[in-house]
Colleague: 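Structure provided below as structure tokens; questions to follow.
Keep in mind that this is a model prediction, so the values were computed, not measured. Here, residue 1 is the first one in the sequence, and each next residue gets the next number.
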Amino acid sequence: MKRRVVITGMGAITPIGNNLEEFWASIKEGKVGIGPITQFDVSDYKVKIAAEVKDFVAKDKMDVRAARRMARFSQFAVVAATEAFEDAGLDMNKEDPFRVGVIVGSGVGSLETVEENYTKIVEKGPSRCNPLMVPLMISNMAAGNVAIALGLRGKTTNVVTACATGTNCIGDAFRAIQYGDADVMLAGGTESSVCPTGIAGFAGLTALSTEEDPMKASIPFDKNRSGFVLGEGAGVVVLEELEHAKARGAKIYAEVVGYGCSGDAYHITSPAEDGSGAGMAMIFAMNEALIEPSQVQYINAHGTSTHHNDLFETRAIKYAFKDAAKDVVINSTKSMIGHLLGAAGAVELIVTAKAVEEGFIHQTVGTTECDEECDLNYAVGAPIKKDIEYAMSNSLGFGGHNASLLIKKYNSQ
């Protein structure tokens with residue numbers, strides 16, 4: 001029998017807040033964290049804006065020596081994980097460290113480290129390459145560094161599925177607890193790719209918006225949407241077996257009840273046009289939870305603000321929800337924080353859990369006039385307050401990776 005799994009802690013580093021409290025307050029305010037790129041000179045770039053994390057000083061948040069041996073994406077992960085760990089009230093003196101694990105992923109690892117060291121190799125020769133280049137760069141080091149920082153010796157892995165990374169990491173951690181591999185898992189995603197390679201690479205795909213007005217750049221489902229805005233940050237949640245959480249009196253944000261994955265087998269960057277791939281991921285999540293589409297009141301959509309994603313995700317919701325699609329409230333957190341790539345799904349699940357906890361669905365900020373074919377309820381114009389029993393968070397990744405997580409309001413009965 002599968003064990004029940006709940007969320008007992010959350011931590012976030014985002015373009016609109018460097019901890020959970022600040023982030024959620026900014027979400028409720030409708031604050032947009034998009035602005036001119038400050039991390040490098042963009043004079044020669046068509047894309048001038050991004051959603052950068054502000055005022056993050058690693059040495060103020062963690063051990064200075066440890067911070068020097070981590071790339072920015074790993075620093076984000078450790079800080080967000082530490083917040084989630086403390087939010088959950090975990091005490092490793094009372095836990096079996098081999099029953100507490102980590103699955104935290106990054107879509108691309110540290111592009112900045114590659115840039116910096118490649119430049120040194122070309123200009124000064126290979127002997128000048130940083131001897132720590134590889135452990136700084138590789139994407140699994142987010143999970144490794146979190147485990148080291150917190151003394152977690154259980155299952156420690158990472159999933160890399162592009163923009164679905166954070167959702168798949170949480171989903172795999174959910175499975176690990178369900179089937180007894182662990183009692184507690186820290187799971188999520190982290191990313192720091194606002195750098196020349198990141199901007200140039202995605203701009204080369206014509207995936208990024210070239211709009212310079214922050215309020216018009218990331219406008220999911222709008223008829224004038226023109227691409228996504230690259231963001232950065234991290235989101236980590238503590239997942240815990242229900243009886244373990246109850247035994248130590250933990251606060252429970254929500255219960256995770258469904259996880260669905262699928263592949264499009266269609267195109268390296270575009271979702272399947274009929275929505276069947278992402279639609280099946282949603283269906284699988286609902287099937288696991290043994291619920292009908294009409295019971296889901298809220299979907300935090302992938303909602304990137306690209307033409308194909310928003311149109312095909314809308315079709316996917318209709319594919320999965322049929323007539324109930326018109327009744328579910330949908331929004332996109334990317335309207336405020338841009339696209340955090342591998343961290344997106346994790347940060348968006350945090351928003352979904354807070355929405356369930358407080359009955360608050362933020363508006364899709366900046367979106368004013370929806371595309372004719374994007375004809376569902378995207379929370380345009382104002383937030384929506386309503387009791388939420390079941391809520392879903394979707395992620396779609398390059399390569400055709402689709403993942404959906406389904407959570408519900410926790411009932412102690």
Colleague: Applying side chain to side chain donor-acceptor pair (under 3.5 Å) between R4 and each of E255, Q178, E240, E243, report the one that passes.
Modeller: E255

Colleague: Calculate, to the nearest 0.5 Å, the distance between atoms CZ and OG1 belonging to F202 and T197 respectively.
Modeller: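 With rounding to 0.5 Å, CZ (F202) is 11.0 Å from OG1 (T197).
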
Colleague: Is the NZ atom of K46 crowded by more than 12 outside heavy atoms at less than 6.0 Å?
Modeller: no

Colleague: Do we see a donor-acceptor contact under 3.5 Å between the side chains of T364 and S332?
Modeller: no

Colleague: Just by modelled atom types, is the C195 backbone N or O under 3.5 Å from a matching donor or acceptor in the E115 side chain?
Modeller: no

Colleague: Do other residues, nucleotides or ligands put more than 12 heavy atoms under 6.0 Å from the CD atom of E358?
Modeller: yes

Colleague: One pair to check against side chain to side chain donor-acceptor pair (under 3.5 Å): T333 and N300. What are the steps and the verdict?
Modeller: CA-CA 7 Å; T333 303; N300 189 300; 2.9 Å; yes

Colleague: Are more than 12 heavy atoms, taken from residues, nucleotides or ligands other than F40, located less than 6.0 Å from that residue's CZ atom?
Modeller: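 It does: F40 CZ has more than 12 such atoms within range.
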
Colleague: Run the salt bridge (Lys or Arg N to Asp or Glu O under 4.0 Å) test on R175 and E288 for me, step by step, so that the C-alpha distance in whole Å, both residues' side-chain angles and the decisive distance to 0.1 Å come before the verdict.
Modeller: CA-CA 12 Å; R175 289 280 184 262; E288 180 177 15; 2.8 Å; yes

Colleague: Taking the side chain as C-beta and beyond, is there a heavy-atom pair between M392 and F321 under 4.5 Å?
Modeller: yes

Colleague: With salt bridge (Lys or Arg N to Asp or Glu O under 4.0 Å) as the criterion, how do E357 and K251 come out once you've worked through the C-alpha distance, each side chain's angles and the decisive distance to 0.1 Å?
Modeller: CA-CA 11 Å; E357 181 189 33; K251 173 184 176 179; 3.2 Å; yes

Colleague: Look at the side chain of E83 and the backbone N and O of L20, then say whether any donor-acceptor pair between them is shorter than 3.5 Å.
Modeller: yes

Colleague: Is there a donor-acceptor pair under 3.5 Å between the side chain of N140 and the backbone N or O of N158?
Modeller: no

Colleague: Ring of F228, cation from K334 - is the NZ or CZ under 6.0 Å from the centre and inside 45° of the axis?
Modeller: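 Ring-cation test returns no.
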
Colleague: Using modelled atom types and a 3.5 Å cut-off, is there a donor and acceptor pairing between side-chain atoms of K322 and backbone atoms of I317?
Modeller: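 The answer is no, because no donor-acceptor pair under 3.5 Å joins these two groups.
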
Colleague: Hey, are D387 and K409 close enough for a salt bridge, meaning a charged N less than 4.0 Å from a carboxylate O?
Modeller: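 Between K409 and D387 there is no salt bridge, as every charged N stays at least 4.0 Å from the carboxylate O atoms.
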
Colleague: Can you tell me if R69 has over 12 outside heavy atoms packed within less than 6.0 Å of its CZ?
Modeller: no

Colleague: Under the side chain to side chain donor-acceptor pair (under 3.5 Å) criterion, do H244 and E95 qualify, and how do the steps go?
Modeller: CA-CA 10 Å; H244 184 281; E95 301 292 339; 2.8 Å; yes

Colleague: Just wondering, are more than 12 heavy atoms of other shown residues or ligands nearer than 6.0 Å to NZ in K59?
Modeller: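 No - once you tally the heavy atoms of other residues, nucleotides and ligands closer than 6.0 Å, there are 12 at most.
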
Colleague: Answer yes or no: is there a donor N or O on one side and an acceptor on the other, between the side chain of T156 and the main chain of G154, under 3.5 Å?
Modeller: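 Here the side-chain-to-backbone pair exists.
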
Colleague: With a 3.5 Å cut-off and no angle check, do the side chains of D310 and Y378 form a donor-acceptor pair?
Modeller: no

Colleague: Would you check if the side chain of S26 reaches a backbone N or O of I16 as a donor-acceptor pair within less than 3.5 Å?
Modeller: yes

Colleague: Using a 3.5 Å distance criterion without hydrogens, assess whether the side chain of S335 forms a donor-acceptor pair with backbone atoms of V365.
Modeller: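 Side chain of S335 to backbone of V365: a pair is present.
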
Colleague: Does the salt bridge (Lys or Arg N to Asp or Glu O under 4.0 Å) test come out yes or no for D222 and K216, once each step is laid out?
Modeller: CA-CA 10 Å; D222 196 289; K216 295 180 180 179; over 6 Å; no

Colleague: Answer yes or no: does atom CG of D60 have more than 12 heavy-atom neighbours from other residues, nucleotides or ligands under 6.0 Å?
Modeller: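 Result for CG/D60: enclosed.
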
Colleague: What's the separation between atom CG in L230 and atom OG in S192, rounded to the nearest 0.5 Å?
Modeller: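 Rounded to the nearest 0.5 Å, the CG-OG separation comes out at 9.0 Å.
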
Colleague: Please assess R225 against D371 for the test salt bridge (Lys or Arg N to Asp or Glu O under 4.0 Å), listing each intermediate value before the final yes or no.
Modeller: CA-CA 9 Å; R225 66 192 184 279; D371 189 305; 3.2 Å; yes

Colleague: Please check: side-chain N/O of R128 versus main-chain N/O of V122, any donor-acceptor pairing under 3.5 Å?
Modeller: no

Colleague: Under a plain distance cut-off of 3.5 Å, with no hydrogens placed, do H302 and T304 share a side-chain donor-acceptor pair?
Modeller: no

Colleague: Mind checking whether Q295 and E389 have side chains closer than 4.5 Å, heavy atoms only?
Modeller: no

Colleague: Between N168 and C261, is any pair of side-chain heavy atoms under 4.5 Å apart?
Modeller: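 In short, these two side chains touch, coming nearer than 4.5 Å.
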
Colleague: Does any non-hydrogen side-chain atom of E112 lie less than 4.5 Å from one of F73?
Modeller: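 Answer no - side chains too far apart.
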
Colleague: State the OG-CD distance between S139 and E191, to the nearest 0.5 angstrom.
Modeller: 9.0 Å

Colleague: Test your reading of the model: is there a side-chain donor-acceptor pair from K54 to the backbone of P15, 3.5 Å cut-off?
Modeller: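 Checked: pair present.
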
Colleague: Using the six-membered ring of F221, assess whether NZ or CZ of K223 lies under 6.0 Å from its centre and within 45 degrees of the ring axis.
Modeller: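 No, K223 does not lie over the aromatic ring of F221.
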
Colleague: Is there side-chain contact between L242 and I252, with at least one heavy-atom pair below 4.5 Å?
Modeller: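 Side-chain contact under 4.5 Å: yes.
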
Colleague: Between T82 and L150, is any pair of side-chain heavy atoms under 4.5 Å apart?
Modeller: yes

Colleague: Without swapping roles, check the side chain of N331 against the backbone of H362 for a donor-acceptor pair under 3.5 Å.
Modeller: yes

